[in-house]
2 protein chains.
Amino acid sequence: MNNIVIVDDHPIVIGGLLALLQADKALQVMATFTAGQAFLSFLAGADFIDIVLLDITLPDISGVEVCKQIKKISPETKVLIISNHSERSIILQMLQQGASGYLLKNASSEELVRCVHDVLEGKVAFSAEVMTIMTRPLQNERKATPHLTKRERQVLSMIAAGRTSASIAEELCVSQFTVETHRRNLMQKFEAGNTAALIRMAAEQQLL
Amino acid sequence: MNNIVIVDDHPIVIGGLLALLQADKALQVMATFTAGQAFLSFLAGADFIDIVLLDITLPDISGVEVCKQIKKISPETKVLIISNHSERSIILQMLQQGASGYLLKNASSEELVRCVHDVLEGKVAFSAEVMTIMTRPLQNERKATPHLTKRERQVLSMIAAGRTSASIAEELCVSQFTVETHRRNLMQKFEAGNTAALIRMAAEQQLL
DNA sequence: TCTTTTCTACTGGTTTTCCAGTATATTTTG
DNA sequence: CAAAATATACTGGAAAACCAGTAGAAAAGA
């Protein structure tokens with residue numbers, strides 16, 4: 001018998017999930033919550049929870065944070081996200097935070113139950129629509145990565161590591177003016193006004 | 001009949017994949033490459049490729065970059081990663097770059113063929129071991145996120161957007177000295193020596 | 001109501017980045 | 001071999017960040 005907890009801000013959604021899951025004898029809904037904090041307080045003192053069905057948009061803290069806390073407090077508890085967010089980056093962010101599955105709220109009942117069981121069995125589970133989102137051609141979700149020379153990538157990496165231009169110059173055996181020119185060129189290529197924006201954009205484009 | 005291309009730096013691996021895939025009448029291996037650049041040149045002038053089996057470690061450019069280029073040049077071409085890299089962050093990075101599947105080189109022949117077919121059918125596919133990696137408890141893969149106050153998160157976000165302290169002060173209707181104090185506190189919490197390191201760490205912890 | 005936390009603001013100063021330009025040498029490419 | 005790209009380096013200066021400290025007001029929590 002698997003213990004389930006449902007965390008969603010809409011009581012109607014919780015009601016629907018309850019009706020669906022209670023028909024499955026292998027599943028036991030032990031509690032439901034409409035807010036993240038309340039659930040986390042419960043989690044700290046609860047019996048073991050096999051799986052949490054978690055929305056991302058909650059009234060108090062975000063589902064991202066709740067997922068992190070679940071994996072910190074009870075690492076063996078699986079997390080299956082049920083959300084309206086359909087962006088690939090959000091899906092991957094939830095996987096990065098330890099979620100084992102993701103489906104959209106428009107998934108069929110059959111898909112929901114299948115995903116619950118797949119996750120309980122230790123698999124990664126997506127609904128069909130999430131599969132489509134994950135595999136469809138990228139649609140320029142982000143600005144094109146500017147072409148960087150080898151030296152520029154090297155300087156960028158060192159800047160991101162917190163080094164000053166003087167320190168970088170010393171390590172690369174060049175003048176600080178040279179490093180400053182590389183910085184300027186990097187800022188022009190990323191169209192960044194300062195180092196903070198440069199590093200943020202580089203991180204977004206996975207160049208660090 | 002699905003057209004396949006194999007890109008791997010080890011000819012022996014290519015040989016093994018070839019032997020395996022040629023037994024499947026639905027699959028046609030149209031070419032193999034041991035370097036990324038050579039493959040990308042081929043791709044630009046090739047007939048349509050249904051799926052590319054791609055290693056990450058290549059002698060010239062990385063599989064990450066090759067994957068990006070594949071999705072840019074031929075968005076409908078599927079990418080299935082076959083790699084020795086088993087870190088969750090790398091797996092997710094490949095998915096972020098448009099890969100539809102990921103398996104480790106120790107996957108069985110059956111798993112490999114199943115993944116190829118699943119990806120061709122528009123699914124996301126992982127080998128069993130990759131599923132395990134994706135769902136096992138996180139193991140403090142990264143430093144704990146420091147506790148930030150609401151105002152600190154606000155200032156951090158604006159710094160990351162490239163704003164100067166003066167500009168942030170103006171928008172928040174506080175003194176520039178106040179913003180500078182928030183910056184200092186942020187740098188202390190993240191143990192960062194300058195803004196570049198601060199923003200990089202914040203990005204790593206998905207706070208931006 | 002008291003304590004703690006958060007937010008606010010200042011001093012006086014140093015260090016670092018950013019600016020816009022100019023220019024030569026080396027390496028790579030066609 | 002010539003052209004283009006990359007790397008290097010400098011000027012003179014302004015703008016911004018960083019430093020370490022101090023300190024009071026407001027909000028939140030116990």
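By convention in this document, chain letters (A, B, ...) are assigned in the order of the sequence lines, proteins followed by strands, and residues within each chain are numbered from 1. Since the structure is predicted, the reported quantities are computational estimates derived from the model, not experimental observations.
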Q. Do B:Asn3 side-chain atoms and B:Phe48 backbone N/O form a donor-acceptor pair below 3.5 Å?
A.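 Yes; at least one donor-acceptor contact below 3.5 Å.
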Q | Salt-bridge present (A:Arg184, A:Glu180; N to O < 4.0 Å) | A |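 No, this pair does not count.
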Q: Taking only Lys NZ, Arg NE, NH1 and NH2, and the carboxylate oxygens of Asp or Glu, determine whether A:Asp8 and A:Lys105 approach each other closer than 4.0 Å.
A: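 Here A:Asp8 pairs with A:Lys105 in a salt bridge, since their nearest N and O are under 4.0 Å apart.
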Rounded to whole angstrom units, what separation is found between the [atom1] atom of [X] and the [atom2] atom of [N]?
| X | N | atom1 | atom2 | value |
| --- | --- | --- | --- | --- |
| A:Lys150 | D:dA7 | NZ | C1' | 13 Å |
| A:Arg163 | C:dT17 | CZ | C1' | 17 Å |
| B:Ile159 | C:dT17 | CD1 | C1' | 15 Å |
| B:Met187 | D:dA17 | CE | P | 11 Å |
| B:Glu170 | D:dA16 | CD | C1' | 16 Å |
| A:Leu148 | D:dA5 | CG | P | 16 Å |
| B:Arg153 | C:dC7 | CZ | C1' | 14 Å |
| A:Asn185 | C:dT17 | CG | P | 16 Å |

Is any side-chain N or O of [X] closer than 4.0 Å to OP1 or OP2 of [N]?
| X | N | answer |
| --- | --- | --- |
| A:Thr164 | C:dT15 | no |
| A:His182 | C:dT17 | no |
| B:Arg151 | C:dT8 | yes |
| A:Thr181 | D:dT8 | no |

Q | Residue mapping more 5' on DNA chain D - nearest nucleotide basis, A:Gln176 or A:Lys189 | A |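 Going by which nucleotide is closer to the 5' end, it is A:Lys189.
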Mind checking [X] for me? I need base, sugar-phosphate or nothing, with any heavy atom below 4.0 Å counting as a touch.
| X | value |
| --- | --- |
| A:Arg183 | sugar-phosphate |
| A:Thr195 | sugar-phosphate |
| B:Glu180 | base |
| B:Ser165 | sugar-phosphate |

Q: Specify the residue among B:Cys173 and B:Asn194 whose closest nucleotide of DNA chain C lies further upstream toward the 5′ end.
A: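 Checking each residue's closest nucleotide, the 5'-ward one belongs to B:Cys173.
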**Q.** Proximal nucleotide (of C:dC7, D:dC10, C:dA9) relative to the B:Thr178 side chain
**A.**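 Nearest to the side chain of B:Thr178 among the choices is C:dA9.
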Q: Tell me yes or no: between the side chains of A:Ser165 and A:Gln176, is some donor less than 3.5 Å from an acceptor?
A: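 There is no such pair between these side chains.
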Q.
Measuring only between side-chain heavy atoms, which start at C-beta, is B:Leu21 closer than 4.5 Å to B:Ile4?
A.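 Yes, side chains in contact.
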